[in-house]
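I have placed the structure first, in the form of structure tokens, so that the comments after it can refer back to it.
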Amino acid sequence: MGKIKVAFFDAKEYDRQSFMNSNKDEEFEILYLETRLSEDTCKLADGYDVVCVFVNDDVNSVVIDKLAAMGVKLIALRCAGYNNVDIEYAYGKIHIVRVPAYSPYAVAEHAMALLLTSIRRIHKAYIRTKDFNFSLNGLTGFDLHGKTVGVVGTGKIGRIFIDICRGFGMRVIAYDKFPAKDSGIEYVTLDELWERSDIISFHCPLTDENRHMVNAESIAKMKKGVALINTSRGALIDSEALLEGIKQRQIGAACLDVYEEESNVFFHDYSNHIVNDDVLARLISMPNVIVTSHQAFLTNEALANIADTTLDNVREFFERDTCTNEVCYKCGKLAQCEQKHEKKCF
Ligand code: NAI
């Protein structure tokens, strides 16, 4: 076979740089497309062997059928989560690979950066001192030392976040659908976590089961003034309920790297536009809300790992009968493939 041809959707400058570094010998022919993958744009992949996508590309059943009909053999996710792919429908039609871990440190450290920024009002102080306003009024924060942090999801990122929190002298409790044995982590029920935590951070995948796990009911169970951190997936939180919780002063701070309607706005410059999403606009207007646009992964180390692993995945798929980072829906858990197959999934 000649060079493997990759249609690379939703390409940003930083993606191009890291993939060009990884592909410096031009082993792969990569077409970088700025547009996202959708039912309308998938025809751009005609004649390509692989489609490479990110978190907001829409890989639904129609897209899968169209790509399969064009002869695309592999969808290479350059991210860990795959809630934007209909993996059940893809089974038997197109193989799916992902990058299970690229830098869990990047995400865990960003979660802590958001928390510190928010509770120590760094975002306010930065703007003030830029304007030579050295007043401290309104900048009072609170110590993290001695506070209880509830961590939802104790996988790679959650565990690193726990270590960071322990370094701050915080007490850690956690909820995981599949608790890690002998980890020394104090697991509690979700209700207990809502009730006891001063800070709650989400590090679990999004599934149909946990969509909107933060809703009016769970918010009512939380401690008054709780700080929420979401670097996982936006739809874990019902944004309207979050906004209401903030207005009621039940939620003291929200640190959001993800947002349930982010695919309409994140990764684009709308500074000269009227943003139509009233909930997002209202959230951003709150002094105790910090939004970053799905930036937690964005470090040099993570980008290099993403590019290397993605191209390794593609190479392995075409050259061997194994497929180390393949995901399919048959391996037990929809949100967290257990990879029971030794070879390709089908
Ligand atoms: P992981 O697979 O190592 O850990 C996920 C953990 O969540 C596992 O321990 C699993 O048992 C647990 N879990 C599964 N379903 C659950 C449920 N319903 N309730 C509670 N826990 C549940 O994943 P990793 O690498 O730690 O990533 C976690 C999440 O972080 C990803 O699913 C992704 O959504 C998000 N992420 C965000 C990034 C960003 O840039 N903001 C970058 C990378 C990942």
Side-chain angles (χ1 to χ4, degrees), residues 10 12 14 36-38 53-60 77-85 106-119 123 151-153 157-158 161 199-219 222 226-248 250-298 302 335:
D10 202 10
K12 301 284 186 283
Y14 47 80
R36 282 193 187 150
L37 180 68
S38 68
V53 297
F54 196 51
V55 291
N56 289 319
D57 291 288
D58 187 6
V59 194
N60 62 26
L77 287 153
R78 51 182 193 278
C79 53
Y82 45 91
N83 54 290
N84 56 326
V85 181
V107 182
E109 289 170 14
H110 191 78
M112 182 49 88
L114 286 175
L115 177 64
L116 286 171
T117 303
S118 162
I119 65 157
H123 55 308
V151 177
V152 180
I157 297 170
F161 185 72
I199 293 134
I200 301 174
S201 193
F202 296 89
H203 301 289
C204 60
L206 173 68
T207 65
D208 287 342
E209 188 187 13
N210 64 15
R211 182 174 296 270
H212 285 186
M213 71 193 301
V214 174
N215 51 38
E217 201 185 328
S218 51
I219 289 172
M222 293 175 194
V226 64
L228 300 184
I229 311 164
N230 190 3
T231 56
S232 189
R233 285 292 181 267
L236 293 173
I237 298 182
D238 176 343
S239 315
E240 292 191 22
L242 173 70
L243 184 55
E244 197 49 40
I246 293 167
K247 285 194 205 161
Q248 302 296 331
Q250 173 73 357
I251 292 172
C255 307
L256 309 174
D257 186 53
V258 287
Y259 171 64
E260 56 180 326
E261 301 299 333
E262 70 177 49
S263 62
N264 298 328
V265 281
F266 278 17
F267 306 122
H268 296 285
D269 179 0
Y270 286 110
S271 53
N272 274 325
H273 293 68
I274 308 290
V275 169
N276 287 326
D277 186 328
D278 288 354
V279 175
L280 179 63
R282 188 79 173 97
L283 281 170
I284 287 176
S285 77
M286 296 285 183
N288 52 355
V289 174
I290 296 193
V291 174
T292 51
S293 53
H294 211 130
Q295 181 190 331
F297 75 99
L298 197 64

Checklist entry - Run the side-chain contact (heavy atoms from CB on, under 4.5 Å) check on H212 and E260 step by step: do they pass? => result CA-CA 9 Å; H212 285 186; E260 56 180 326; 2.8 Å; yes
Checklist entry - Does the pair V226 and L228 meet the rule for a side-chain contact (heavy atoms from CB on, under 4.5 Å), with working shown? => result CA-CA 6 Å; V226 64; L228 300 184; 4.2 Å; yes
Checklist entry - Is there a side-chain contact (heavy atoms from CB on, under 4.5 Å) between F161 and T231 once you walk through the steps? => result CA-CA 11 Å; F161 185 72; T231 56; over 6 Å; no
Item to check | Evaluation steps, side-chain contact (heavy atoms from CB on, under 4.5 Å), between N264 and D277 | outcome: CA-CA 9 Å; N264 298 328; D277 186 328; 5.6 Å; no
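Looking at heavy atoms from C-beta onward, M222 lies in side-chain contact with V214 at the 4.5 angstrom threshold. Using a 4.5 Å heavy-atom cutoff, the side chains of Q250 and E244 are not in contact. The closest side-chain heavy-atom distance from L77 to N84 is below 4.5 Å. Within the 4.5 Å cutoff, the side chain of Y259 has no heavy atoms near those of the I284 side chain. When side chains are defined from C-beta on, Y82 does not count as touching V59, because their heavy atoms never get closer than 4.5 Å. Residues V152 and M213 are in side-chain contact: their nearest non-hydrogen atoms beyond the backbone lie under 4.5 Å apart.
Remark: F266 CZ to N56 CG distance equals 9.0 Å, nearest 0.5 Å. Between L236 atom CG and N215 atom CG the span is 11.5 Å, to the nearest 0.5 Å. Between S239 atom OG and E262 atom CD the span is 10.5 Å, to the nearest 0.5 Å. Here L280 contributes atom CG and Y270 contributes atom OH; the two are 11.5 Å apart, rounded to the nearest 0.5 Å. If you take CD1 on I251 and CG on L243, they are separated by 9.5 Å, rounding to the nearest 0.5 Å.
The shortest non-hydrogen separation linking G245 to I219 is CA-CG2, 4.3 Å. Scanning both residues, S271 and D269, for their nearest heavy atoms gives OG-OD1, 2.6 Å. Pairing each heavy atom of A254 with each of I246, the nearest pair is CB-CD1, 4.2 Å.
No donor-acceptor pair closer than 3.5 Å links the side chain of H123 to the backbone N or O of V289. Judged by distance alone, the side chain of D58 and the main-chain N or O of S38 form no donor-acceptor pair under 3.5 Å. Between the side chain of S232 and the main chain of C204, a donor-acceptor pair closer than 3.5 Å is present. The main-chain N or O of F54 is never found under 3.5 Å from a side-chain atom of D10 such that the two would form a donor-acceptor pair. A donor-acceptor pair under 3.5 Å is formed between the side chain of D57 and the backbone N or O of L37.
Residues passing the side chain to side chain donor-acceptor pair (under 3.5 Å) test with R233 are N83, sequence neighbours excluded. In terms of the side chain to side chain donor-acceptor pair (under 3.5 Å) criterion, E240 has no residue partners (sequence neighbours excluded).
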Which donor-acceptor pairs under 3.5 Å do side chains of residues 110-118 form with protein atoms, sequence neighbours excluded?
{"unit_1": "H110", "atom_1": "NE2", "unit_2": "T292", "atom_2": "OG1", "d": "3.0"}
{"unit_1": "T117", "atom_1": "OG1", "unit_2": "A113", "atom_2": "O", "d": "2.6"}

